[in-house]
Amino acid sequence: MRSRWSYVYFLFYLLLSSVLLFLNNDLSKAVITLMNVITILVPLIGTIFGIMYYYNSKEFTELLLAQPIKRSSIFIGQYLGVALSLSMSLVVGLGIPFALYGLFQSNEIWDFVLLLVTGTFLTLIFTALAFNIALYNENKIKGFSYAILLWLFMAVIYDGLFLMSLIAFQSYPLDSFSIGATMFNPIDLSRILILLKLDISALLGYTGAVFQKFFGTGFGLIISISALTLWVLLPVMNIHRKSRKKDF
Amino acid sequence: MIEIKDVHKKFGKNQVLKGIDLDISEKGIFAILGPNGSGKTTLIKAVLGMVIPDSGKLTVGGIPIKKSWEYRDQIDYLPQIANFPPNLKVSEIIAMIKDLRNRPGDDKNLVELFGLKPFMSKKISNLSGGTKQKVNLVLTLMFDSPIIILDEPTSGLDPIAMLHLKELILEEKAKGKTILMTSHIMSFVEEMADEIVFLLEGKVYFKGDIETLKNQTNQVVFERAIAHLLTQENA
């Protein structure tokens, strides 16, 4: 089940990036389009696959629990199984067409690598969040809806709230607030990281300049990568903690 | 082998185990009986570490099981409801469990015994309830562990498979193993069990052999004796 769907996912990315490259005829434009797709779609797929896999393999998990295996290794193993196979599909599916198109001779290679890195981070983050939701909810329907809500919140609603708060407090200096608020949403963080790397921050106006000053430097890059790492580590640690205490 | 001391467990507001004390040190067949919802399965799952008790102490082979997992290598467990990944073939799941345990298992004889040969390459989702239970039994009994825990081993089995099961259990007993089982089929329990553990409302209500139980309740028939235990409590 899992392997079949990750092939479909892989083929999807293969097709998507080939079509984009063919239509755009330009690497950096294709990267921008892909960024839009990745920041929305990757979290959605990660969330849904994570939650589906957990509920689908519940019986199997119970079988494993009676065997001499450490509990945390069962759950962390399942998590890594899902998250890594999704990441593989993403990296290989996007990588092949770009490599064929002549990525390695172009200047955009680092933009593209950053795109893949953030895509992988997003997969790891949202699969981990989905596993957390599943561990706390016995009820499949409830778990599924919470997971979708989480994705909707991070991908759409958060931006709306962010924008509204910017408008409401526009008479105050908001530089550090907006940078801070970005850190709390992995989707925003990845999007801004890629946009700034692509040198199109001028589109973002004044805020873009502030962001450029922060994220454009090595320091900002390190901070945001560590924020993303933290976003992976905290949920994974919680999977570990919760799975030790759960009854089956 | 198995020591249970003052184990409590609550699911939400439902207090299932209210201080279970049980010491299973001898070898032989122990039957855990009790009405529906008396905590039989919860107790078994607590021994396996699948349910984590709120308080109390559990040791298997002298080792406290809290946060430990290696001890499960000494236990063969037959779950009540055979839930296997439905997309796997029978042969695949047997190979997988053998691989997990990292031990040679004697699956060939058991497959032969239960007549599972024609089902080996079928998917689990296509099997009938009784056949699933047979697969379940093969998975449990193919290893040679000192403790065997069987949760409703007879459910869904046809008479021939039932006979084989009885023989298998007696064989394992002869090897000097500790066998823990639950069942609602009283004739099966009477035939097989050396000792009865009767659970009622989350406590051990009676522990002893069948003769003692009959004498204590002044009943000649085992089934009646069990019924007597229940009505006594309600009166």
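Since we're looking at a predicted model, the values are computed, not measured. Chain A is the first sequence line, chain B the second, and so forth, proteins listed ahead of strands; every chain is numbered from 1.
- Within a 6.0 Å radius of NZ in B:Lys207, other residues, nucleotides and ligands contribute more than 12 heavy atoms.
- Surrounding CZ of B:Phe11 are more than 12 heavy atoms belonging to other residues, nucleotides or ligands, all under 6.0 Å away.
- With a 4.5 Å cut-off on non-hydrogen atoms, A:Lys246 touches chain B through its backbone but not through its side chain.
- With B:Arg72 contributing its side chain and A:Lys70 its backbone, the two residues share no donor-acceptor pair below 3.5 Å.
- Open room surrounds NZ on B:Lys203; 12 or fewer heavy atoms of other groups in view lie less than 6.0 Å from it.
- In this structure, chain A has a heavy atom under 4.5 Å from the side chain of B:Tyr77, while its backbone stays farther away.
- In terms of heavy-atom proximity, B:Leu48 sits nearest to A:Ala66 at CD2-O, 4.4 Å.
- Atom CD in B:Glu70 sits 12.0 Å away from atom CD1 in A:Ile69 (nearest 0.5 Å).
- Atom CG of A:Leu64 sits about 6.0 Å away from atom CG of B:Leu100, to the nearest 0.5 Å.
- In this structure, chain A has no heavy atom under 4.5 Å from any part of B:Tyr71.
- Distance check: B:Leu139 CG to A:Gln67 CD gives 8.0 Å after rounding to the nearest 0.5 Å.
- Within 6.0 Å of CD1 in B:Ile160 there are 12 or fewer heavy atoms belonging to other residues, nucleotides or ligands.
- More than 12 heavy-atom neighbours from other residues, nucleotides or ligands sit within 6.0 angstrom of NZ on A:Lys242.
- B:Val51 approaches A:Arg71 most closely through the heavy-atom pair N-NH2, 4.4 Å.
- Within residues 91-98 of chain B, the residues approaching chain A closer than 4.5 Å by heavy atoms are, in numerical order, B:Ile93, B:Met96, B:Ile97.
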